[in-house]
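Written out below as structure tokens is the structure these notes cover.
Computation of the quantities below employed the complete heavy-atom set of this structure, encompassing side-chain atoms and omitting hydrogens, waters and symmetry-equivalent molecules. Being a predicted model, the structure only gives us computed values, none of them experimental.
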Amino acid sequence: SPHQAEESMARSARIGRVEILNVEDYTPPPFNPQDFFPDVPLDAWDAHRAHHALDENGKFRVSFGAFALISDDFVIVVDTGIGPSVPEMFGGGEGGLVPRLREAGIQPDQVTAVLNTHLHPDHVGWNMTEGDPTFKNARYYFSAADYEWWTSEGVIEEAPQIPTQAQPLEALGLLELTGDGDEIAPGIRAIATPGHTPGHQSFLIDSDGAKGVVTGDVLHSRAQFTEPEWCAGFDMDKPTAIATRKALMERIMTEQMTVAASHLVVDSNIGHVIEVENRRYWQPL
């Protein structure tokens with residue numbers, strides 16, 4: 001039973017010939033659950049405590065980071081964390097993505113592509129460093145629908161990350177815009193998973209018959225594998241986010257995918273979804 005599941009410590013997995021590696025940028029102090037999930041009553045979390053959805057103090061934990069996808073064909077970074085300077089609302093301090101990539105044996109110059117699931121500040125924070133591309137030999141991939149929305153009048157004025165971490169890549173000729181189903185590299189494909197943002201995308205991995213998905217912000221908590229109707233406050237279009245979550249979950253189960261979920265706690269954000277007595281649960285590797 002998942003109730004007895006010990007927490008494991010896996011930061012990497014193999015999906016066919018692709019290694020997927022979680023690289024932490026920053027882990028903020030734990031939140032009150034209702035700060036992140038304002039529509040979920042506090043007592044609704046009780047059923048999920050046995051599954052480590054909250055910490056021992058009843059707080060919700062989250063991490064910011066990236067997933068590296070490594071094969072003989074490419075070195076890809078999916079999302080780039082919150083960046084070198086962490087806003088006070090998340091505890092302040094510095095993100096450590098680039099030094100941690102180096103510790104994992106990945107030099108920024110080796111990265112061939114950077115894939116952004118969406119353009120929220122905690123997913124594009126290291127796209128640029130002091131005005132230059134952090135990964136200077138990489139092409140950067142944004143969802144066309146997300147980029148169009150974030151650069152639109154009335155939106156961009158409230159989104160300082162766009163002129164600093166997104167638009168310069170277009171000016172430098174390093175930007176590629178993707179749509180649903182586009183193949184980005186051998187066995188790596190973008191799929192539209194809207195709701196969290198209008199053009200949010202996830203990335204499918206299909207290698208030697210093994211399948212995986214980097215979900216981005218389709219999910220923020222392991223409780224959502226069991227409760228797909230729960231929405232984080234940051235989900236912009238909640239009905240669409242719920243429909244996307246349910247559809248992706250069906251696909252994960254049907255195709256037996258390994259899942260990499262951006263914001264789950266470090267060491268438990270790569271895993272599988274299991275079904276016990278008609279309820280689904282997150283099972284970290």
Side-chain angles (χ1 to χ4, degrees), residues 1-15 20-24 27-28 30-31 33 36-37 39-40 42-67 78-79 117 122-123 191 193 195-196 200 202-205 210-235 241-285:
S1 145
H3 287 269
Q4 280 93 45
E6 289 284 317
E7 282 303 81
S8 56
M9 302 286 283
R11 290 201 184 194
S12 66
R14 285 204 82 78
I15 301 167
I20 183 165
L21 175 69
N22 177 237
V23 186
E24 181 186 6
T27 296
F31 296 88
F36 229 89
F37 288 88
D39 305 330
V40 178
L42 263 181
D43 60 7
W45 288 92
D46 291 346
H48 300 281
R49 287 186 177 235
H51 309 288
H52 310 281
L54 301 179
D55 70 10
E56 63 278 8
N57 300 313
K59 294 286 207 292
F60 173 71
R61 295 172 300 158
V62 73
S63 68
F64 302 119
F67 289 101
V78 181
D79 289 329
T117 57
D122 57 316
H123 291 259
I191 54 164
T193 48
H196 178 67
H200 186 283
S202 303
F203 298 102
L204 296 179
I205 304 160
K211 295 191 173 180
V213 61
V214 183
T215 61
D217 283 9
V218 175
L219 302 128
H220 290 81
S221 167
R222 60 198 298 156
Q224 288 173 290
F225 291 99
T226 315
E227 311 275 5
E229 307 224 336
W230 288 13
C231 281
F234 294 105
D235 287 350
I242 291 167
T244 288
R245 210 163 14 255
K246 289 179 171 177
L248 186 59
M249 203 81 66
E250 292 309 316
R251 189 164 182 182
I252 287 165
M253 300 301 291
T254 303
E255 300 185 31
Q256 297 184 306
M257 292 184 185
T258 299
V259 180
S262 299
H263 285 300
L264 302 192
V265 180
V266 170
D267 293 325
S268 68
N269 56 13
I270 302 173
H272 297 104
V273 186
I274 58 168
E275 205 162 289
V276 182
E277 294 169 2
N278 295 322
R279 281 171 75 77
R280 290 173 180 166
Y281 300 95
W282 177 239
Q283 187 172 58
L285 292 185

(request) Show your reasoning for whether side-chain contact (heavy atoms from CB on, under 4.5 Å) applies to Val266 and Arg11. (result) CA-CA 7 Å; Val266 170; Arg11 290 201 184 194; 3.0 Å; yes

(request) Please assess Val23 against Phe67 for the test side-chain contact (heavy atoms from CB on, under 4.5 Å), listing each intermediate value before the final yes or no. (result) CA-CA 6 Å; Val23 186; Phe67 289 101; over 6 Å; no

(request) Measure from the side-chain N and O atoms of Glu255 to the backbone N and O of Ile252, and report whether any donor-acceptor pair falls under 3.5 Å. (result) no

(request) Using a strict cut-off of less than 4.0 Å between a Lys/Arg side-chain nitrogen and an Asp/Glu carboxylate oxygen, indicate whether Asp55 and Arg49 qualify as a salt bridge. (result) no

(request) Would you please test Leu248 and Ile191 for side-chain contact (heavy atoms from CB on, under 4.5 Å) and show each step? (result) CA-CA 10 Å; Leu248 186 59; Ile191 54 164; 4.0 Å; yes

(request) Hey, could you give me the CD/SG distance between Gln224 and Cys231, rounded to the nearest 0.5 Å? (result) 7.0 Å

(message) Strictly distance-based, threshold 3.5 Å: is any side-chain N or O of Asp79 a donor or acceptor partner for the main-chain N or O of Gly65?
(response) no

(message) Any non-hydrogen side-chain atom of Trp282 less than 4.5 Å from a side-chain atom of Leu219?
(response) no

(request) Kindly compute the distance separating CG (Asp39) from CG (Asp235), expressed to the nearest 0.5 Å. (result) 9.5 Å

(message) Are Val265 and His52 packed together at the side-chain level, in the sense that at least one heavy-atom pair is separated by less than 4.5 angstrom?
(response) no

(request) Please lay out, stage by stage, how Leu264 and Ser63 fare under the test side-chain contact (heavy atoms from CB on, under 4.5 Å). (result) CA-CA 6 Å; Leu264 302 192; Ser63 68; over 6 Å; no

(message) Within the supplied structure, the quantity of interest is the number of heavy atoms (other residues, nucleotides, ligands) at a distance under 6.0 Å from Gln256 CD; does it exceed 12?
(response) no

(request) Please name the pair of heavy atoms, one in Ala232 and one in His220, separated by the smallest distance, quoted to 0.1 Å. (result) CB-ND1, 3.6 Å

(request) Give the minimum heavy-atom separation between Trp230 and Ala223, together with the two atoms involved. (result) CZ3-CB, 3.7 Å

(message) Nearest 0.5 angstrom please: Ser221 OG to Phe37 CZ, how far?
(response) 5.0 Å

(message) If you define the side chain from C-beta out and look only at heavy atoms, does anything of Arg222 sit under 4.5 Å from Pro284?
(response) yes

(message) I'd like to know whether the aromatic ring centres of His51 and Trp45 sit less than 6.0 Å apart in this structure.
(response) no

(request) Measure the spacing between CG of Asn278 and CD of Glu275 and express it to the nearest 0.5 Å. (result) 6.0 Å

(message) Checking His48 against Glu227: is there a side-chain donor and acceptor pair closer than 3.5 Å?
(response) yes

(message) Checking Thr258 against His272: is there a side-chain donor and acceptor pair closer than 3.5 Å?
(response) yes

(message) When you compare the side chain of Ser262 with that of His123, does any pair of heavy atoms fall below 4.5 Å?
(response) yes

(request) Answer yes or no: is there a side-chain heavy-atom contact under 4.5 Å between Thr117 and Thr215? (result) no

(request) Indicate, with yes or no, if the rings of Phe225 and Tyr281 have centres closer together than 6.0 Å. (result) no

(request) May I ask you to check whether Asn269 and His263 show a side-chain donor-acceptor distance below 3.5 Å? (result) no

(request) Determine whether Ile274 and Arg280 make a side-chain contact, defined as any pair of heavy atoms from C-beta on separated by less than 4.5 Å. (result) no

(message) I want to check something: taking the side chain as every heavy atom from C-beta on, are Phe60 and Pro30 in contact at a cut-off of under 4.5 Å?
(response) no

(message) Does this structure show an ion pair linking Arg245 with Glu229, if we count only N-O contacts that are shorter than 4.0 Å?
(response) no

(message) I'd like to check Ile242 versus Pro228 (side-chain heavy atoms, cut-off strictly below 4.5 Å). Are they in contact?
(response) no

(message) Checking the side chain of Ser202 only, and the main-chain atoms of Thr193 only, is there a donor and an acceptor separated by less than 3.5 Å?
(response) no

(request) Compute the ring centroids of Phe36 and Phe234, then answer whether they are less than 6.0 Å apart. (result) yes

